[in-house]
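Values reported hereafter were calculated over all heavy atoms of this structure, with side chains retained and with hydrogens, waters and symmetry mates removed.
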Amino acid sequence: MDHQDDTVSGHVAQHCDRSCDSTFDRWRCTMPVGHEGPHRAGDASGRTEWNDRAAGRRLRDLARPAAHAERDARAADRT
């Protein structure tokens with residue numbers, strides 16, 4: 001197995017033929033199966049990391065900031 005530096009965190013990972021199956025929104029983890037630490041993905045347009053609690057979820061499914069919830073509540077009261 002080759003050792004390669006992960007450009008997201010500097011973590012040295014052992015790369016193998018199979019990548020981790022974890023996904024988050026539009027991203028799929030590029031770390032090897034059984035890796036330690038957060039899941040990571042990236043391309044020319046950006047990079048992201050996520051933990052197991054966010055795996056399989058979409059950004060819009062995560063809790064929204066309180067300001068958004070308050071705004072939506074006020075809008076619902078007006079209707």
Provide the closest heavy-atom pair for His35 versus Pro38 in the form atom of the first, atom of the second, distance.
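Between these two residues, the closest heavy atoms are CE1-O, 3.4 Å.
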For Asp25 and Leu59, work out which heavy atoms get closest and say how close.
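Result for this residue pair: OD1-N, 3.1 Å.
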Check for a donor-acceptor pair, side chain of Thr30 on one end and backbone N or O of Arg40 on the other, with a separation under 3.5 Å.
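Looks like yes, one N/O pair under 3.5 Å.
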Look up atom CG in Asn51 and atom CZ in Phe24, then write down how far apart they are to the nearest 0.5 Å.
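Result: 9.0 Å between the selected atoms.
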Going by side chain to side chain contact (heavy atoms under 4.5 Å, CB included), name the residues that satisfy it together with Thr23, two or more places apart in sequence or in a different chain.
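Applying side chain to side chain contact (heavy atoms under 4.5 Å, CB included) to Thr23 gives Arg28.
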Under a 4.5 Å cut-off applied to non-hydrogen side-chain atoms, are His39 and Asp52 in contact?
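Heavy-atom side-chain distance check passes, below 4.5 Å.
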How would you list, by chain and number, every residue that makes a side chain to side chain donor-acceptor pair (under 3.5 Å) with Trp50, sequence neighbours excluded?
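For Trp50, the residues satisfying side chain to side chain donor-acceptor pair (under 3.5 Å) (neighbours in sequence not counted) are Ser22.
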